[in-house]
Amino acid sequence: MAIRTRFAPSPTGYMHIGNLRTALYAYLVARKDPEGVFILRIEDTDQGRLVEGATDIIYDTIRACGLKHDEGPDVGGNYGPYVQSERMKSGIYKEYAHKLITRGGAHYCFCDEEMLQARREAEGDSFKYDDPCKKLSAEECEKRIAEGAQYVIRQTIPEGQTSFDDEVYGTITVDNADLDEQVLLKSDGFPTYNFANVIDDHMMGITDVVRGMEYLSSTPKYNLIYEAFGWDIPRYIHCPPVMKDEHNKLSKRNGDASFQDLVAKGYLPEAILNYIALLGWSPEEDREIFTLDELVQAFNVKRIGKVGAIFDPEKLKWLNGMWLRGMDLDSYYKLVKPYIDQAVKRDCDRRKIAEIVQQRAKTLAEIPEMLGFIDEFRSYSNELYNHKKMKTNPQIALTSLKAVREVLEAQEDWSTEALHDTLMALPAKLEMKNGQVLFPLRLAITGEQSGPGGAMEVASILGKEETLRRLDLSIAQLENEAE
């Protein structure tokens with residue numbers, strides 16, 4: 001039997017990083033099987049939490065990440081509809097809820113929900129729900145319904161224990177006495193998530209359920225529904241949470257970034273996906289850079305850990321930088337040109353700018369700030385010439401810059417390569433170290449101690465006229481202070 005997995009998000013806003021990791025793992029599990037099927041299902045039964053446009057965010061995110069689904073609302077399939085509210089119109093949830101009653105797995109409940117909620121809040125952890133409606137006969141239930149009584153359908157929990165196997169957490173056994181008799185069908189006819197996901201997973205032939213470990217406690221109740229119907233139980237893969245720190249889960253409410261936030265900050269979807277794959281899963285190989293196809297080959301659910309993985313923004317930034325540096329220059333230039341145009345209005349070689357930025361920028365959003373010196377030569381302090389590693393100070397800088405000014409005035413070929421040859425010959429002539437010439441030059445024409453590109457690359461981008469103009473200003477600044 002081919003593996004069938006599903007990603008079943010609720011359209012309630014942004015794409016949480018934990019949700020995206022669930023989608024990725026479900027995709028990888030399906031793709032490990034050459035005939036595997038990855039399904040997208042929209043779970044919108046909680047109408048009060050729906051956010052306009054959130055479904056489009058789901059589509060856009062999985063498309064941007066390359067997680068192509070085989071079946072779903074937008075691509076169709078043999079098991080649709082793939083939106084729960086549309087499935088509800090056919091009456092399947094109500095039908096199965098009533099069938100479950102006849103099989104002893106559920107019962108009508110006529111209790112006042114507001115009163116029950118008040119009891120829950122008042123009694124806290126000591127609250128124990130014992131539904132008196134379970135004792136009503138079928139005839140009495142039918143009579144109340146005929147009289148117009150409001151009701152919900154609740155799960156009936158039998159005595160004993162329930163066990164299940166999970167690929168990550170092993171065998172888990174719970175006492176049924178600790179399971180609450182949850183609502184399966186609400187008074188408005190809408191199913192709860194806890195019921196609809198079981199019915200849909202069965203009807204869609206889901207073989208492997210990938211989800212967060214927060215559903216571990218609910219899984220015994222799901223299994224009792226499967227068993228009451230006599231259905232096969234899927235293989236479970238519960239994933240550890242993605243953590244902000246050792247004590248707190250990653251949460252948008254706490255200001256933590258969503259997928260959309262990270263993309264807006266200049267992270268590549270491929271890099272984000274690569275990073276979140278490693279949050280809770282460890283490859284057999286000692287490596288960290290994976291394309292999606294490589295993840296399919298390397299992924300093994302047995303290497304998913306049990307402990308929550310901490311989201312490290314600096315590690316993501318490093319990984320994103322590795323992805324950016326690994327791109328060919330043509331692709332990189334096409335990607336970063338809008339960011340270069342945002343910062344640079346001067347007429348200069350933008351492809352050359354992209355080449356120097358590629359070796360330093362870790363995110364796309366860093367690029368405009370890096371390039372501010374090209375259009376604007378900002379004032380700076382001569383103290384910046386004091387650099388222990390480069391063995392420079394303002395006096396040494398003044399000597400080297402005057403010599404640089406002289407050779408560059410005579411320079412006709414302004415390519416990076418020609419400038420390199422000219423400037424690399426100068427330190428030996430001046431009996432100086434390379435850094436005593438090149439570091440002052442870069443500072444003198446950028447106004448910054450560090451940044452993308454070396455002295456030759458920057459000079460080539462600025463052009464001869466602007467380079468000499470800035471050199472003159474910097475030399476004058478040094479001479480004025482020396483007087």
List the steps and the verdict of salt bridge (Lys or Arg N to Asp or Glu O under 4.0 Å) for Lys302 and Glu167.
CA-CA 7 Å; Lys302 296 298 185 182; Glu167 293 295 315; 2.8 Å; yes
For Arg235, the option from Asp165, Asp208, Asp201 that meets salt bridge (charged side-chain N to carboxylate O under 4.0 Å, His left out)
Asp208
Would you mind checking if Asp330 and Arg351 are paired as a salt bridge, meaning a charged N to carboxylate O distance below 4.0 Å?
yes
No-hydrogen, no-angle side-chain donor-acceptor test under 3.5 Å, Asn223 and Thr162
no
Look at the side chain of Asp375 and the backbone N and O of Lys345, then say whether any donor-acceptor pair between them is shorter than 3.5 Å.
yes
Residues Lys134, Glu181; criterion salt bridge (Lys or Arg N to Asp or Glu O under 4.0 Å); working and verdict:
CA-CA 11 Å; Lys134 286 192 293 184; Glu181 296 194 324; 3.2 Å; yes
With no hydrogens and no angle check, just 3.5 Å: does a side-chain donor-acceptor pair link Thr219 and Arg211?
yes
Is there a side-chain contact between Gln358 and Val336, using heavy atoms and a 4.5 Å cut-off?
no
Taking Lys362's backbone N and O only, do any of them form a donor-acceptor pair with Glu366's side chain (distance below 3.5 Å, no angle check)?
yes
With sequence neighbours excluded, tell me which residues meet ring-ring contact (aromatic ring centres under 6.0 Å, His included) with Phe311.
Tyr275
Let me confirm one number: the CD-CD1 distance from Glu466 to Ile445, rounded to the nearest 0.5 Å.
9.5 Å
Nearest-0.5 Å distance, NZ of residue Lys221 to CD of residue Gln155:
7.0 Å
Ignoring hydrogens and geometry beyond distance, is a side-chain donor-acceptor pair present between Glu43 and Asn197 at under 3.5 Å?
no
In chain order, what residues pass the ring-ring contact (aromatic ring centres under 6.0 Å, His included) check against Phe299, with sequence neighbours excluded?
Tyr25, Trp281
Any side-chain donor-acceptor pair under 3.5 Å between His202 and Asp232?
no
Does CG in Asp328 sit with more than 12 non-hydrogen atoms of other residues, nucleotides or ligands closer than 6.0 Å?
yes
Output for pair (Lys317 NZ, Lys265 NZ), nearest 0.5 Å, gives 9.0 Å
Separation between CD1 (Ile58) and NE2 (His69), nearest 0.5 Å, reads 10.5 Å
Has Glu35 got more than 12 heavy atoms of other residues, nucleotides or ligands less than 6.0 Å from its CD?
no
Above 12 or not: heavy atoms from other molecules or residues under 6.0 Å from NZ of Lys352?
yes
Nearest 0.5 Å, what's the OG1-CD1 distance between Thr416 and Ile461?
7.0 Å
Identify whether NZ of Lys or CZ of Arg in Arg378 sits under 6.0 Å from the centre of the six-membered ring of Tyr380 and within 45° of that ring's axis.
no
Sub-3.5 Å donor-acceptor pair from the side chain of Asp44 to the main-chain atoms of Ser85, do we have one?
yes
Is the Tyr236-Tyr222 ring centre distance short of 6.0 angstrom?
no
Exam field: side chain Thr363 to backbone Gly266, donor-acceptor pair closer than 3.5 Å
no
If we ignore hydrogens and angles and just use 3.5 Å, is the side chain of Arg144 paired with the main-chain N or O of Glu139 as donor and acceptor?
no
Would you mind reporting whether Ile289 and Trp323 have side-chain heavy atoms less than 4.5 Å apart?
yes
Please check: side-chain N/O of Arg103 versus main-chain N/O of Ile225, any donor-acceptor pairing under 3.5 Å?
no
At what distance, to the nearest 0.5 angstrom, does CG of Leu364 lie from CG of Leu324?
5.5 Å
Can you check whether Met213 reaches Pro241 side chain to side chain, under 4.5 Å on heavy atoms?
yes
Please answer whether the main-chain N or O of Gly451 pairs with a side-chain N or O of Arg360 as donor and acceptor at a distance below 3.5 Å.
yes
Can you run down the salt bridge (charged side-chain N to carboxylate O under 4.0 Å, His left out) pairs that involve residues 8-33, sequence neighbours left out, and say none if there aren't any?
Arg31-Asp70
Heavy-atom distance under 4.5 Å between the side chains of Leu24 and Leu273, does that happen here?
yes
I'd like to know if the side chain of Thr61 pairs up with that of Gln260 as donor and acceptor (distance under 3.5 Å, no hydrogens or angles considered).
yes
